[in-house]
Structure formats: C-alpha cells, structure tokens
Amino acid sequence: MLQLNYLRENRDEAVRRLTKKYAQVEFIDQIIALDADRRKTQNQVDSLKGEAGKLSRQYGEFRKANNEAGLAQITAEKKNIDEQVETLSSQLDALEEQLQALLVQLPNVPNDRVPEGKTPEENAVVFSHGEMPNLPETAKPHWDLAAQYGLIDFELGNKLTGSGFPVYRGQGAKLQRALINFFLDRATAAGYLEVQPPILVNKDSGFGTGQLPDKEGQMYHVTVDDLYLIPTAEVPITNIYRDVILKAEELPIKNCGYTPCFRREAGSYGKDVRGLNRLHQFDKVEIVQVQHPDKSYEALEEMREYVAGLLRDLELPFRTLLLCGGDMSFASAMTYDMEVFSGAQKRWLEVSSVSNFETFQSNRLKLRYRSGSDKPVLAHTLNGSALALPRIVAALLENNQTENGIRIPAALRPYTGFDFIK
RNA sequence: GGAGAAAUGGCAGAGUGGUCGAUUGCGGCAGUCUUGAAAACUGUUGAAGGUAACACUUCCGGGGGUUCGAAUCCCUCUUUCUCCGCCA
C-alpha cells in the first residue's frame, strides 16, 4: 500500500510512475481529495471530543460542590456534543472506508529503471549465461522422461486430489528432497536464517504482503477456519515482522525457508500447464530480506546474483529479465525474473522472481526500524525464489537426458547420492 | 472438546469508575564522575492521527455496551496458562 504522504506530496510523480504500470491513476486525485476531507473531519471530531472531556471533568467538580444546576447544564451540553460527534464519526468512518478501498487498489510505483511495456515480450533481457543444450530431435519432454523413469506420476495425483498435484516417487522424490536441502544449505551459507513457518495463514497475513484483497481468487481458502494456504513462503516469513519496530542495527534481516506452495491458477490452460510447468502445489525455497531503504537496491542485486549462482551450479542455461511495468506484480517496485531454458520443450521457464517492494509491504505490515531515539521509519522488504522446484526439475530432466539415463549435476550429487537417474 | 484463571508500555509488574498514556523496577538513551570502563548519581525513554510548531484526539488483547466519565463494570471473540478428555 502506498503511503498517503507520498501521494499527497508527490502527486505528479506518482501519476507518471503508475502510468507505467497501467494503474488507475485517476484514483490518485480521488484519494488526495478524500484524505483532505478525512483530515478536516478528523479535526472536527477531535476538538469536539476535547470539549466533551473538559465537560466530564467539570461534571465531577460540580457534583462535589452539589451544583445541581451546573450538572443539568453539562448533561445538556454533553448530549449536544455527543450527537455531533456521532454524526461526524460516521462520516469519518465512511471517508476512511472509501479512502482505504481506493488505496488498496493502487499498485506500487515502479522504480525509474523499470522499462516501459505492457506484455512479457517487452521485458528487458539483462543477462544470459550458459550454452543452449544441444539435444537430438528425439529428445523427450520432461513428462515423458518422468514416466519413463518412474519419477513423477501425474495421473495418480489426479486420483488423489486433482490435476496439478503430482506424486513424486523413487528417484523423483529423492531429487525433490535433494534440491530442497541444496537450496537451504546454500541460503544458510549466504547468511539467511532458516525458518519453518506455518503454511496456513490468516487474513491479516494475506493482507500484509499484498495477496489480499488483490489476489483472493488465487489462494485456496479454508473457509471453516477462515485461513489461506500460502501461495509462497514470502507470506508467513515476511509477516513474522508485521507490527515490529526493529533497531536500525538489526538490519538487514535475512530469512529463508522451504515450504510447499499452493496456487489455484484459475484461468491457466494449454501448454503452460503441461507436466511440471504449472502446478497447484509445488515446493519452493524462498529468501526474504528486510532492509534499510538506502541499501535495498544493493540487496536486490545481491539477491539476483545469489540466485544466478544457484543456476550456474545446477549447470542450467538461464537468462535474467528486468520486468517491464505492465508485467510486474502489484506490490513490486522492481523485479528480476530468472528463466531457465528447458531443452526439449524449447522454451524458457520462469524459476525465480526477485523483487524489491520498498515500503509497499512494510506500510501494510507496519514494519519499521528506528535509529537511536528517532521516530520509527518504514523498512524495505525484498524477496526471491531460491528456487522453485518444478521447473528446475523439468529443465534438469530435459537438458541432461542421455541414452544411459539422466545425468545429475555435480553440485547436487552429494544430496541425491546418485549420479544418474536410471 | 469440558472446567477454571489470565491478557497493561522492550521486559517484569502496580493500578477495580474521575486530570492515568498509566506508580515502580529492569532494560535503552543522554549527562555527571573516570585516562577509559564498571559502579553510583541525575535526567530522559510507547505508538498513531494532527499541527509550521504547539494544542488536541485515539490506543491498557480484538469488537460491542453501561456511564457525564472506563485500563478499571457488563457482553462477546481471540489468545495464553492450569486441570480433564482426545490425539500425531
């Protein structure tokens, strides 16, 4: 959520920058007008309440003095004030509701380095690494390989749950576990504190990181207890710091965590959902940082470089995209996507998204830090996938297929305990 | 799931109807003293809205109510603790 102060004091800039995100910029002027109205009404309510307080204290004194006439007068005056307060308060509530309703619909303002553009095709490729795999024409897509080696059973998942909930078996299951451990060990070595959060969260948490109300339909909602299955570990991990005032010297906070992730993916279809390309449940290791505002873009680059290191070690060809305004997420100010090339499908698959949210999340979370005895200031939050498993598995299987089985990259072998899937 | 107790500032812990945003201790910060540190002493120390700055308003787990007036009384929800039941 954008800060009212920012909109009030930088109206033109906000319009310019939000235009790049194709946001409803007309909301900005409506918000500014509502806010002015709100403050005026708030002031009126406050001074009336101040009057009421004075009267109450006077009432006590009059009663001690047995001043019956005075008591009657105060009661009458107080009643008059209460009526005014009630009227103004309901106006104030209505104004705040309208203000909030508009405010939560405005996405974060993109950083000025974010390229113009509306569609994924307009994202800027800023970095590429690795050779394109040189596979024979007979190379198989991962769903065929998964069946051939008994790694993943998509049909069985249909039976147990529904489409998009595969069952991993044998070396397929072991590979999952190996990747999770590999990612967690690397993140821990890079200074991230490992946490194991709940995978069901309440509404406040969903709101704090921006999934609610914007993406309500993308989450599984457990209605009996009004809880949501997390779409990413970002939600519980970042919400650890909801309503927290950190000391400046505690920054940066670096957390990582493995969780399953659940996404309804309503409206997806076709080749995008084939095999492991898009699932309703998948595994992911997430990295999260809470940063000083002056250092958050430095941290974003550091996180991008960290994820790139993982992909290099997995020997996967990848490219890094700087997302254009139209393709960025609601809450992000700047996002890098990392895509690996999956050799048999011959397509790029997004495996990581690394974003700086600046104060967009922390404003909702009330996540602040304090230098010395200064007033608390909103911190910046960042996160990135490091990494999401399914598409990594897809690319590993496809790119490393040989006549004699599927080769496991050297970095993973200590974790899998085998060199080849056979 | 049943019965009982509790929820106050970073922490501990007072406060049961009136000027209480809240005694006190610890912790934090600043100062005195000291070559420096410790100890001691002095002062200061919650958040939000609002203002040029004050003023002012709100917040004592959440919500609602009683009252001229609520941290204090009532209702309700949530959470924690103790006991019982069930259980990976």
Side-chain angles (χ1 to χ4, degrees), chain A residues 1-9 31-100 102-104 196-208 212 222-228 236 239-251 253 260 290 359 361-379:
Chain A
M1 191 161 65
L2 292 170
Q3 296 175 77
L4 277 171
N5 276 348
Y6 171 77
L7 293 174
R8 215 147 56 194
E9 288 158 26
I31 286 169
I32 291 170
L34 280 168
D35 177 53
D37 219 359
R38 186 204 111 237
R39 280 185 295 162
K40 196 176 122 222
T41 312
Q42 177 82 61
N43 266 328
Q44 290 170 343
V45 171
D46 285 356
S47 55
L48 283 169
K49 281 186 175 172
E51 282 301 307
K54 278 184 202 138
L55 289 176
S56 284
R57 285 188 287 272
Q58 211 180 5
Y59 187 99
E61 287 161 22
F62 280 8
R63 207 174 52 176
K64 268 184 216 156
N66 276 323
N67 183 345
E68 293 297 332
L71 290 180
Q73 199 196 335
I74 284 173
T75 307
E77 278 179 47
K78 178 69 167 40
K79 196 177 169 208
N80 181 29
I81 287 176
D82 283 350
E83 279 163 12
Q84 291 182 60
V85 167
E86 195 168 337
T87 312
L88 286 170
S89 293
S90 59
Q91 283 175 26
L92 187 61
D93 289 347
L95 285 169
E96 277 175 354
E97 205 174 304
Q98 291 169 45
L99 186 60
Q100 190 72 5
L102 289 179
L103 209 48
V104 298
Q196 208 175 93
I199 59 177
L200 279 167
V201 294
N202 58 28
K203 276 202 157 70
D204 285 345
S205 294
F207 179 79
L212 293 174
V222 182
T223 51
V224 275
D225 291 307
D226 202 15
L227 297 172
Y228 294 86
N239 271 282
I240 290 172
Y241 301 97
R242 169 151 51 85
D243 289 319
V244 168
I245 300 177
L246 297 159
K247 294 196 182 97
E249 52 275 22
E250 291 178 274
L251 299 175
I253 301 271
V290 181
T359 59
Q361 290 182 331
S362 59
N363 189 33
R364 292 183 171 211
L365 293 161
K366 297 191 172 54
L367 161 51
R368 294 162 289 176
Y369 70 94
R370 188 204 309 271
S371 310
S373 54
D374 293 352
K375 280 258 168 196
V377 181
L378 292 175

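Below, each value reflects all heavy atoms present in this structure, side chains not excepted, and no hydrogens, waters or symmetry copies. Bear in mind the structure is a predicted one, so any value in this text is a computation, not a measurement. Every chain is numbered from 1, with letters handed out A, B, ... down the list of sequences.
The closest side-chain heavy-atom distance from A:Ile245 to A:Tyr369 is not below 4.5 Å. Annotation: side chain of A:Leu367 is not in contact with side chain of A:Asp243 (no heavy-atom distance under 4.5 Å). Within the 4.5 Å cutoff, no side-chain heavy atoms of A:Asn239 are placed close to those of A:Val201.
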- request: Give RNA chain B the dot-bracket treatment, 5' to 3': Watson-Crick (N1-N3 with N6-O4 or O6-N4) or G-U (N1-O2, O6-N3) under 3.5 Å, [ ] crossing, | other strand.
  value: ((((((((.[[[..)..(.....]]]((((((.......))))))((((......)))).[[[[[..)....]]]]])))))))....
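Taking 4.0 Å as the cut-off between side-chain N and carboxylate O, A:Glu250 and A:Lys247 do not count as a salt-bridged pair. Salt-bridge check for A:Asp35 with A:Arg38: passed, with a basic side-chain N closer than 4.0 Å to an acidic carboxylate O.
When the C1' atom is used for both B:G28 and B:U80, the distance is 28 Å, rounded to whole Å. Of the C1' atoms belonging to B:G10 and B:U58, the separation is 22 Å, rounded to the nearest Å. Across B:G25 and B:G2, the matching P atoms stand 44 Å from one another, rounded to whole Å. Distance check on atom C1': B:A38 versus B:G46 gives 30 Å, rounded to whole Å. Comparing the C1' positions of B:U19 and B:G15 gives an interatomic distance of 16 Å, to the nearest angstrom. Comparing B:G17 with B:G27, their P atoms sit 34 Å apart, to the nearest whole Å. Between B:A47 and B:U34, the distance separating the two C1' atoms is 38 Å to the nearest Å. Between B:C54 and B:C81, the distance separating the two P atoms is 43 Å to the nearest Å.
Looking at every heavy atom in both residues, A:Tyr241 comes nearest to A:Val290 through CD1-CG2, 4.1 Å. In terms of heavy-atom proximity, A:Lys203 sits nearest to A:Leu212 at O-CD1, 3.7 Å. Across all their heavy atoms, A:Met1 and A:Leu103 have their closest contact at CG-CG, 3.8 Å.
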Donor-acceptor pairs under 3.5 Å, side chain of residues 70-79 of chain A to any protein atom, not counting sequence neighbours: which ones?
unit_1, atom_1, unit_2, atom_2, d
A:Gln73, NE2, A:Glu77, OE2, 3.0
A:Thr75, OG1, A:Leu71, O, 2.8
A:Lys78, NZ, A:Asp82, OD1, 3.1
A:Lys78, NZ, A:Asp82, OD2, 2.9

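In this model, the phosphate group of B:C68 is not approached by any side-chain N or O of A:Lys54 to a distance below 4.0 Å at OP1 or OP2. One finds no side-chain N or O of A:Arg368 lying less than 4.0 angstrom from the OP1 or OP2 phosphate oxygen of B:A47.
Here the P atom of nucleotide B:G49 and the CG atom of A:Leu99 are 13 Å apart, to the nearest Å. The distance from atom CG of A:Asp93 to atom P of B:G49 is 17 Å, rounded to the nearest whole Å. The CG-P distance, from A:Leu246 to B:G10, rounds to 13 Å in whole Å. The CZ atom of A:Arg63 sits 9 Å away from the C1' atom of B:C68 (whole-angstrom rounding). The separation between A:Glu250 atom CD and B:G28 atom C1' is 13 Å, rounded to whole Å. Rounded to whole Å, the distance from CG on A:Asp82 to P on B:C68 is 9 Å. Between A:Leu365 atom CG and B:A48 atom P there is a gap of 15 Å when expressed in whole angstrom units. One interatomic measurement links the two molecules: CZ of A:Arg370 to P of B:G27, which rounds to 19 Å at whole-angstrom precision.
A:Arg39 comes within 4.0 angstrom of the backbone, heavy atoms only, and of no base. Contact annotation for A:Lys40: no contact, since no heavy-atom pair falls under 4.0 Å across all strands.
Of the candidates B:G50, B:U19, B:G18, the closest approach to any side-chain atom of A:Glu61 belongs to B:U19. Out of B:A48, B:G50, B:C68, the shortest distance to the side chain of A:Tyr59 is found at B:C68.
If A:Asp35 and A:Ile245 are placed on RNA chain B by their nearest nucleotide, the residue sitting closer to the 5' end is A:Ile245. Remark on RNA chain B: of its neighbouring residues A:Arg38 and A:Thr75, the 5'-side contact belongs to A:Arg38, judged by nearest-heavy-atom nucleotide.
Side chain of A:Ser362 to backbone of A:Ala379: a donor-acceptor contact under 3.5 angstrom is found. Remark: side-chain polar atoms of A:Arg364 are paired, donor with acceptor, to backbone N or O of A:Phe207 under 3.5 angstrom.
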Under 3.5 Å between N/O atoms: give me all the protein pairs with nucleotides 57-66 of chain B, atom names plus distance.
unit_1, atom_1, unit_2, atom_2, d
B:U57, O2', A:Asp46, OD1, 3.0

